[in-house]
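Working notes for the structure below.
Predicted model only: the values in this text are computed from it and were never measured. Just so you know, residue 1 is the first one in the sequence shown, and it goes up from there.
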Amino acid sequence: MRRIDNGPERNRRQEESRGGGQRLPDDERRLHGSSFGAAAGAYAEHRPDYAQAAVRWALEPAPGPRVLDLGAGTGKLTGTLLAMGVDVVAVEPDPAMLAELRRGIPAVQALAGSAEAIPLPDGSVDAVLSGNAMHWFDMDLAGPEIARVLAPGGVLAGLWNVFDDGVDWVAGLAAVTGSAAIGPRDVPQSWRVEAAGMHLPRKGGGARFDLPEQAEFPHGQGRTADSLVATLGTKAGVLVMPEREREALLSRTRAYLEGRPETADGAFVLPMLTGVLRVRRS
């Protein structure tokens with residue numbers, strides 16, 4: 001685990017992440033956020049799970065075992081929680097993603113709903129976890145909803161799988177693909193700033209959560225050149241591209257991977273980190 005000290009720059013980082021120089025306008029954010037349903041099968045097949053050490057750290061302060069996977073998608077985090085023996089319920093707004101989750105993990109209760117309208121009673125969960133989804137939430141609405149369903153002292157934690165661009169060929173991949181495929185939340189240094197205040201409302205309002213903590217945990221995903229290209233094809237920025245631009249980006253990515261000794265010959269491990277933002281309900 002790499003623990004990140006927010007330190008004296010915490011407020012500046014939160015303001016930067018809230019101020020949103022890189023935040024999408026609301027209409028574009030909605031377009032990106034609604035793009036995944038059309039690729040639900042590919043998302044389920046190619047997106048990585050989450051490092052169990054990261055999930056354990058996220059849940060460490062929780063007052064009990066009941067966990068909500070919010071914005072659960074096709075169940076990547078849900079499956080990790082289930083494998084760890086956690087009592088989990090999943091909530092997902094996109095019908096195609098929800099159908100894929102129910103097909104892939106039929107044992108888990110999976111409900112239609114959103115971060116802004118959670119279909120659970122007050123105080124019904126001890127932790128709310130979100131895997132690569134919190135940046136899609138409208139925290140002006142979602143913050144009060146999450147606080148409502150959390151028990152006193154409950155935990156809100158966002159988890160993001162990020163590319164370890166400290167590895168040379170991964171940094172090169174990020175340069176080749178551009179921000180549509182590997183954006184500011186997808187590499188460790190900018191993830192720390194982008195995610196630091198992700199739990200806060202953008203328009204003021206009283207604090208509902210304590211000061212955040214961040215940590216990173218080693219992770220990796222077995223890939224081939226073809227499957228990594230397919231993985232990048234499930235990124236929102238790529239999904240909303242015009243078809244010709246998307247095909248050009250993916251072809252350029254495949255050529256890069258086929259030209260690198262680390263990735264050209266069959267299977268390899270994609271170096272990743274699971275980053276966690278953890279806060280407790282005030």
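Using bins of under 30°, 30° to 60° and over 60° for the plane-to-plane angle, the ring pair F209/H199 lands in the perpendicular bin.
Residues D210 and R281 are not paired through a salt bridge, judged by the lack of any N-O separation under 4.0 Å between the basic side chain and the carboxylate. Between R103 and E100, at least one side-chain N (NZ, or NE/NH1/NH2) sits under 4.0 Å from a carboxylate O, which counts as a salt bridge. In summary, D87 and R66 do not engage in a salt bridge, as defined by a charged side-chain N under 4.0 Å from a carboxylate O. A salt bridge is absent between K76 and D49: the closest approach of a Lys/Arg side-chain nitrogen to an acidic carboxylate oxygen does not fall below 4.0 angstrom.
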One pair to check against side chain to side chain contact (heavy atoms under 4.5 Å, CB included): T78 and L82. What are the steps and the verdict?
CA-CA 6 Å; T78 311; L82 190 66; 5.5 Å; no
Does the side chain to side chain contact (heavy atoms under 4.5 Å, CB included) test come out yes or no for T263 and L228, once each step is laid out?
CA-CA 10 Å; T263 57; L228 182 48; 5.8 Å; no
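Here the CG atom belonging to L277 is positioned 7.0 Å from the CG atom belonging to L156, to the nearest 0.5 angstrom. For the atom pair CG (N161) and CG (N132), the distance works out to 5.5 Å, reported to the nearest 0.5 Å. The OG atom of S114 sits 12.0 Å away from the CG atom of D94 when rounded to the nearest 0.5 Å. Distance check: Q52 CD to T274 OG1 gives 10.5 Å after rounding to the nearest 0.5 Å. The distance from the CG atom of L77 to the CG atom of L101 is 10.5 Å, given to the nearest 0.5 Å. To the nearest 0.5 angstrom, F268 atom CZ is 4.5 Å from W169 atom CH2.
Under 3.5 Å, the side chains of R47 and T234 contain a donor-acceptor pair of N or O atoms.
By the 6.0 Å contact criterion, CD on Q189 is open, its count of non-hydrogen atoms from other residues, nucleotides or ligands being 12 or less. Residue D265 qualifies as open at atom CG: its count of foreign heavy atoms under 6.0 Å is 12 or below.
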